[in-house]
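Not measured: the values here are computed from a predicted model.
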Amino acid sequence: MTTNLTNYLFSTNIDSVYQEFWVTYELMNRSPNAILNFKTEQNNHLMSIENSSISLSELQLIFMEHQIKYNHIQS
């Protein structure tokens, strides 16, 4: 079985440990081998996801469920 692994980069409004926890929890339930990183530069909150088997639409649903605003920068 072949699985397409995708990398994503988002600019988000994630600014709390609570939001980071729930995004991490949801992502790991759907794609346990994904590598998730959060980085803050000035007022810009970046989130990168590597080696993910989750689709962009699934990620968008996670963001909506947790009221996270995002801008998809690259796949």
Side-chain angles (χ1 to χ4, degrees):
M1 182 168 98
T2 305
T3 304
N4 288 338
L5 298 179
T6 309
N7 298 331
Y8 298 101
L9 181 61
F10 295 95
S11 174
T12 70
N13 70 336
I14 295 175
D15 62 354
S16 72
V17 174
Y18 176 82
Q19 287 175 312
E20 285 182 14
F21 170 81
W22 283 110
V23 168
T24 302
Y25 176 81
E26 296 281 350
L27 180 65
M28 291 299 128
N29 275 337
R30 292 178 170 99
S31 183
N33 294 325
I35 300 167
L36 179 62
N37 290 304
F38 296 96
K39 185 175 183 181
T40 302
E41 294 177 350
Q42 296 173 2
N43 290 331
N44 196 13
H45 304 278
L46 298 175
M47 182 180 92
S48 66
I49 304 167
E50 299 175 19
N51 300 324
S52 172
S53 59
I54 194 169
S55 70
L56 182 57
S57 60
E58 288 177 293
L59 284 169
Q60 291 170 330
L61 183 60
I62 292 170
F63 291 147
M64 286 176 32
E65 287 175 352
H66 298 288
Q67 300 175 352
I68 296 170
K69 294 180 184 175
Y70 67 92
N71 182 20
H72 181 212
I73 297 173
Q74 104 186 37
S75 290

CG on Leu56 to CZ on Phe63, rounded to 0.5 Å: 8.5 Å
Separation between CG of Asn13 and CE of Met47, rounded to the nearest 0.5 Å: 11.0 Å
Val23 and Thr12, any side-chain heavy atoms less than 4.5 Å apart: no
Min side-chain heavy-atom separation Glu50-Asn37 under 4.5 Å: yes
From Leu59 atom CG to Glu26 atom CD, the distance as rounded to the nearest 0.5 Å: 11.0 Å
For Ser31 against Ser52, the heavy-atom pair lying closest together: OG-CA, 3.6 Å
Point-to-point distance, once rounded to the nearest 0.5 Å, from NE2 of His45 to CZ of Phe38: 11.5 Å
same_hphob_cluster(Trp22, Ile14) at 4.5 Å side-chain heavy-atom cutoff: no
Distance (rounded to the nearest 0.5 Å) between Ser48 OG and Ile73 CD1: 10.0 Å
Short side-chain to backbone donor-acceptor contact, His66 and Gln19, under 3.5 Å: no
Parallel, tilted or perpendicular: rings of Phe10 and Tyr70 (30°, 60°): perpendicular
Gap between atom CD1 of Ile35 and atom CE of Met28 - 0.5 Å precision: 8.5 Å
Heavy-atom closest pair, residues Leu36 and Ile49: CD1-CG1, 3.5 Å
Side chain to side chain, Asn33 and Leu5, heavy atoms closer than 4.5 Å: no
Phe21 atom CZ, over 12 foreign heavy atoms within 6.0 Å: yes
Minimum heavy-atom distance Leu27-Ala34, with the two atoms named: CD2-CB, 4.2 Å
